[in-house]
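As structure tokens, the structure follows; a few thoughts come after it.
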Amino acid sequence: MSPLSPFVPRLAVELGQLGVPSWTSIEGSMLSADISGFTALSERLAGKGKAGAEEITLLINTCFTALIDAAYLYGGEVIKFGGDALLIIFRGHSHQRRAVDAGLAMQAALHSSPAAKRAHLTMTVGIADGPFDAFLVGSGYRELLVTGPQASEVIRLEGEADKGDTLVATTIATHLPPSMCVRHQAGGVVVVGSTGDAPTFPATRPSIDADLKCIERPVGDADRHRQVGAFGGRRRV
């Protein structure tokens, strides 16, 4: 396994093995999680110079490591980072329930983090089920794109969620115990609690043989990639 494989989404590797065109339709559930508060914190720490930059980097790594670990436990695959947001896909059996459990576990992980509390960080989560269209585009550098109406719905739900809430599509809610659904909002359902299903996936990422064309070469050499991955920072999983 290449030391750079933790930076490559598993879905991208699968698409890369299909040849051209690299496309597939995914039956699964997708989760978008966006953390609020990093921008304001960065502005407050800017006056501290290097020390402030190190402080915000440590906080980001700590928070994202906890969130990614929670997603792994329910079979989530991180496919995109966007600033302080995560896009995660869940495939296979009971993907709707696992996506919801993961989203709520991620909320709990952030809420229980002393570092996140000190920084007054909150998170909004949106979840919808597919189908989704996944493309691997490009030649010298290949980029994974997940598109379609349901992908847009995931982002819409996340944007409509109140701070600290997890807002899911009504089709997701039909797979949940009624006690988890607390109210309808913006065409979705706000959920709380847990399905009661035990997480059955390892908390660590499985090894894969990665297509390194999915790595943005200008970021740095292999040693720098390994250092970032060791602290849970900005991995493409």
Set out, in order, the CA-CA distance, both residues' side-chain angles and the distance that settles side-chain contact (heavy atoms from CB on, under 4.5 Å) for L167 and Q185, then state yes or no. CA-CA 8 Å; L167 184 63; Q185 178 176 314; 4.1 Å; yes

pair F132-V146: side-chain heavy atoms closer than 4.5 Å: yes

Go through the structure and list residues passing side-chain hydrogen bond (donor to acceptor under 3.5 Å, both in side chains) with E153, not counting sequence neighbours. R156

Using distance only, find each side-chain donor-acceptor pair of residues 24-34 under 3.5 Å and give its atom names and separation, not counting sequence neighbours.
{"residue": "S29", "atom": "OG", "partner": "H95", "partner atom": "ND1", "Å": "2.7"}

Suppose the criterion is side-chain hydrogen bond (donor to acceptor under 3.5 Å, both in side chains): which pairs have a residue in residues 121-137, not counting sequence neighbours? W23-D133, T124-E158, D129-T171

I need the full list of salt bridge (charged side-chain N to carboxylate O under 4.0 Å, His left out) pairs touching residues 93-117, with sequence neighbours left out, sorted by first then second residue. R97-D197

Flag the pair R142 / S22 as yes when at least one side-chain heavy-atom distance between them is below 4.5 Å, and no otherwise. yes

Do L67 and F90 share a hydrophobic cluster, counting only Ile, Leu, Val, Met, Phe, Trp and Tyr and linking them when any side-chain heavy atoms are less than 4.5 Å apart? yes

Residue pair I35 / F64, side-chain heavy-atom distance below 4.5 Å: yes

May I ask you to test the Q107-V125 pair for a side-chain heavy-atom distance under 4.5 Å? yes

Identify, with sequence neighbours excluded, every residue that meets side-chain hydrogen bond (donor to acceptor under 3.5 Å, both in side chains) alongside R91. E14, E77

Measure the shortest side-chain to side-chain distance between Y74 and V100 over non-hydrogen atoms and say whether it is less than 4.5 angstrom. no

Membership question, hydrophobic clusters at under 4.5 Å side-chain separation (ILVMFWY): are L121 and M106 in the same one? yes

With the side chain counted from C-beta on, respond yes when I79 and L144 share a heavy-atom pair under 4.5 Å apart, and no when they do not. yes

Should T166 and V190 count as side-chain neighbours, where that means a heavy-atom distance under 4.5 Å? no

L176 vs T195, side-chain contact (heavy atoms from CB on, under 4.5 Å): CA-CA, chis, key distance, verdict: CA-CA 7 Å; L176 306 176; T195 65; 3.9 Å; yes

Suppose we screen for salt bridge (Lys or Arg N to Asp or Glu O under 4.0 Å). Which residues come up paired with R183, at least two apart in sequence or across chains? D162, D165

